[in-house]
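Single-structure report; data block below.
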Amino acid sequence: MTLLHGDEISTSWGRMSLEAQLGNIGSEFERALRWKEKHQQTMFEKAAKRMLELFDLTLADPRWHNHRLKELTRAREVACAELYGDKELSGNPEGLKKYFLQFATFARTHS
């Protein structure tokens with residue numbers, strides 16, 4: 001399988017902390033959200049696919065196959081709902097941005 005982020009991402013991703021992984025996922029989420037707001041469908045789809053790829057790499061990381069797995073799968077579900085318009089789960093993109101930002105901030109200050 002060819003990865004959008006390049007084949008070397010699987011190795012480097014597995015060395016990142018959970019906070020760094022979620023911070024990077026959040027960057028792609030925000031990118032996708034911005035492209036969606038600008039009605040740039042092609043760019044939106046590319047960013048959303050990259051976000052999903054990073055989520056999938058995180059979910060495949062055996063280090064998080066514990067109590068964290070449920071939160072990670074829920075975060076993926078809510079991010080998809082927000083980007084793809086599931087009215088039942090979406091409605092608070094700012095809250096989701098803050099959720100991801102706290103991890104990015106922690107990763108940056110503790111690396």
Side-chain angles (χ1 to χ4, degrees):
M1 172 173 80
T2 303
L3 299 172
L4 298 170
H5 285 90
D7 293 331
E8 64 282 345
I9 188 73
S10 353
T11 305
S12 61
W13 196 255
R15 291 191 297 259
M16 288 184 188
S17 67
L18 179 61
E19 295 83 11
Q21 289 178 356
L22 287 170
N24 280 285
I25 291 168
S27 293
E28 293 295 354
F29 171 75
E30 287 200 40
R31 245 181 235 110
L33 200 57
R34 278 195 306 274
W35 288 121
K36 182 180 179 182
E37 290 167 354
K38 291 180 179 184
H39 306 287
Q40 297 290 321
Q41 188 64 28
T42 302
M43 297 302 287
F44 161 73
E45 286 296 331
K46 287 180 181 181
K49 285 179 183 178
R50 289 190 306 268
M51 178 199 75
L52 291 172
E53 178 179 83
L54 295 180
F55 257 124
D56 292 344
L57 288 168
T58 298
L59 290 167
D61 191 329
R63 295 176 296 165
W64 319 136
H65 290 190
N66 51 35
H67 62 281
R68 293 180 175 103
L69 191 58
K70 186 175 181 180
E71 179 179 352
L72 292 170
T73 55
R74 181 67 174 167
R76 186 185 194 279
E77 180 182 19
V78 172
C80 287
E82 196 59 60
L83 292 177
Y84 292 104
D86 181 339
K87 303 280 188 248
E88 210 172 295
L89 295 175
S90 66
N92 189 9
E94 292 306 313
L96 201 49
K97 284 183 190 179
K98 287 179 185 176
Y99 172 79
F100 288 121
L101 181 61
Q102 69 181 340
F103 292 109
T105 303
F106 182 88
R108 184 172 240 186
T109 58
H110 291 83
S111 60

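For reference, positions follow the sequence shown, starting with 1.
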Sorted by chain and residue number, the side chain to side chain contact (heavy atoms under 4.5 Å, CB included) partners of S17 (sequence neighbours excluded) come out as E19, A20
What is the ring orientation for F44 with Y84, classed by angle as parallel under 30°, tilted 30 to 60°, or perpendicular over 60°?
perpendicular
State, yes or no, whether a side-chain contact exists between R76 and T58 at a heavy-atom distance under 4.5 Å.
no
The salt bridge (Lys or Arg N to Asp or Glu O under 4.0 Å) partners of R63 (sequence neighbours excluded) come to D61
If the condition is ring pair (Phe, Tyr, Trp, His ring centres under 6.0 Å), which residues does F55 pass it with, not counting sequence neighbours?
none
Under 3.5 Å, sequence neighbours excluded: what are the donor-acceptor pairs made by side chains of residues 35-43?
from	atom 1	to	atom 2	distance (Å)
K36	NZ	E82	O	3.4
K36	NZ	L83	O	2.7
Q41	NE2	E45	OE2	3.0

Under 4.5 Å between side-chain heavy atoms, hopping through other hydrophobics if needed: is there a path connecting Y99 to L59?
yes
Testing M16, R50, M51 one by one against N24 for a side chain to side chain contact (heavy atoms under 4.5 Å, CB included), which residue passes?
M16
Any residue meeting ring pair (Phe, Tyr, Trp, His ring centres under 6.0 Å) with H67, in chain and number order, not counting sequence neighbours
none
Decide yes or no on side-chain contact (heavy atoms from CB on, under 4.5 Å) for I25 and F100, but give the supporting numbers first.
CA-CA 8 Å; I25 291 168; F100 288 121; 3.8 Å; yes
Would you call the rings of F106 and H110 parallel, tilted or perpendicular, taking 30° and 60° as the class edges?
parallel
Cationic N near anionic O, under 4.0 Å, E28 to R31:
yes
More than 12 heavy atoms of other groups within 6.0 Å of R68 CZ
yes
So, using side chain to side chain contact (heavy atoms under 4.5 Å, CB included) as the criterion, who are the partners of E30 when residues are at least two apart?
R34, K97
L69 and W64: CA distance, side-chain angles, deciding distance, side-chain contact (heavy atoms from CB on, under 4.5 Å) verdict:
CA-CA 6 Å; L69 191 58; W64 319 136; 5.5 Å; no
Between Q21 and W13, is there a donor-acceptor pair closer than 3.5 Å when you use the side chain of the first and the backbone of the second?
yes
Is there side-chain contact between E77 and C80, with heavy atoms separated by less than 4.5 Å?
no
Would you please name every residue forming a side-chain hydrogen bond (donor to acceptor under 3.5 Å, both in side chains) with Q102, sequence neighbours left out?
none
For residues N92 and V78, determine if any side-chain heavy atom of one lies less than 4.5 Å from a side-chain heavy atom of the other.
no
